[in-house]
Amino acid sequence: MDAQIRGLLDRQAISDVLVRYARGIDRLDMELVRSCYHADAHDNHGSFSGTVDEFIAWVEPALTERFESTMHFLGNTVIDLDGDRADVETYCVAMHRLREQPTDWLAGVRYVDVFERRSDEWRIADRTVVFDWARTAPGGESFEAGYLLGTRDRSDVSYRRS
C-alpha cells in the first residue's frame with residue numbers, strides 16, 4: 001500500500017479511537033471506553049494513575065456519583081506516526097453537569113497519548129491527561145416538554161441503528 005494512503009488510514013483509525021473514547025465516557029459505556037486501550041495500557045488522569053482496569057473501576061463511579069451528565073468536545077489533534085507507534089496530542093473541552101448542585105464544571109484538557117498498532121489495530125498504550133484550565137458556571141437550566149433528551153446509557157438515541 002502507498003505510504004501516504006497508509007498514513008491517512010492510520011490517522012483515521014487513531015481519530016476513531018479518540019471519538020469512541022469520548023462517546024464511551026459521555027454515555028457511561030465502559031466496554032466502549034475499554035476498547036480504546038490495549039489491555040496493558042496505563043492512564044494518568046489527574047488524581048488517578050494506573051492500569052486500564054483500575055481506570056475503569058475508578059472513572060465509572062466518579063462519573064455516575066458526581067455528574068448528572070458530561071460532554072467531551074475534541075479539538076486539535078496532532079498525530080506523529082512512527083511505524084506501529086504514534087505520539088498523539090488532542091485538545092478537549094470537557095463539560096460536566098454536577099449532580100448535587102445547579103453548576104457546570106468545564107475543563108480544558110489535553111490527552112497526551114502513545115498509541116500502538118498491535119495485530120493491525122490502533123489503541124492507546126499510555127495516556128496522560130494535562131489540565132490547562134477549569135471554571136465553573138451556573139447551570140440547572142431545563143428543556144421544555146417535547147425535547148428529546150440524551151441518556152447516559154445504551155438507551156440513548158445514538159445507539160439506534162437502522
Any donor-acceptor pair under 3.5 Å linking the side chain of [X] with the backbone of [Y]?
X	Y	result
Arg118	His38	no
Arg154	Asp29	no
Arg152	Leu63	yes

Do the side chains of [X] and [Y] join up, straight or via other hydrophobic residues, at under 4.5 Å, putting them in one cluster?
X	Y	value
Val19	Tyr37	yes
Val17	Val114	no
Leu98	Trp133	no
Leu74	Tyr91	no
Phe131	Ile25	yes

Is any side-chain heavy atom of [X] closer than 4.5 Å to a side-chain heavy atom of [Y]?
X	Y	value
Tyr159	Arg23	yes
Val33	Val59	no
Val88	Thr90	yes
Leu28	Asp153	no
Val157	Arg160	yes

[atom1]-[atom2] distance between [X] and [Y], expressed to the nearest 0.5 angstrom:
X	Y	atom1	atom2	value
Glu121	Phe115	CD	CZ	11.0 Å
Ile56	Glu60	CD1	CD	8.0 Å
Asp113	Asp87	CG	CG	9.5 Å
Glu54	Phe48	CD	CZ	5.5 Å
Glu68	Glu100	CD	CD	10.0 Å
Thr77	Arg110	OG1	CZ	12.5 Å

Please name the pair of heavy atoms, one in [X] and one in [Y], separated by the smallest distance, quoted to 0.1 Å.
X	Y	answer
Leu81	Gly7	CD1-O, 3.7 Å
Ala137	Leu106	CB-CD1, 4.4 Å
Ala62	Phe67	O-CD1, 3.8 Å
His72	Asp26	ND1-OD1, 2.7 Å
Trp105	Thr136	CD1-CG2, 3.8 Å
Asp104	Pro138	OD2-O, 4.1 Å

Distance only, no hydrogens: is a donor on one side chain within 3.5 Å (strictly under) of an acceptor on the other, for [X] and [Y]?
X	Y	result
Ser158	Arg27	no
Ser49	His42	yes
Thr51	Asp53	no

Contacts of type side chain to side chain donor-acceptor pair (under 3.5 Å), residue Arg117, not counting sequence neighbours: Asp10, Asp84
Mind running side chain to side chain contact (heavy atoms under 4.5 Å, CB included) on Ser15 and Ile79 for me, showing each step along the way? CA-CA 9 Å; Ser15 294; Ile79 301 172; 4.1 Å; yes
With a sphere of 6.0 Å drawn around CZ of Arg66, does it hold more than 12 non-hydrogen atoms of other residues, nucleotides or ligands? no
Answer yes or no: are there more than 12 heavy-atom neighbours, outside Met30 itself, under 6.0 Å from its atom CE? yes
Tyr21: ring-ring contact (aromatic ring centres under 6.0 Å, His included) partners, not counting sequence neighbours: Tyr111
Applying side chain to side chain contact (heavy atoms under 4.5 Å, CB included) to Trp58 and His45, what does each step give before you reach the verdict? CA-CA 10 Å; Trp58 172 80; His45 218 95; 4.1 Å; yes
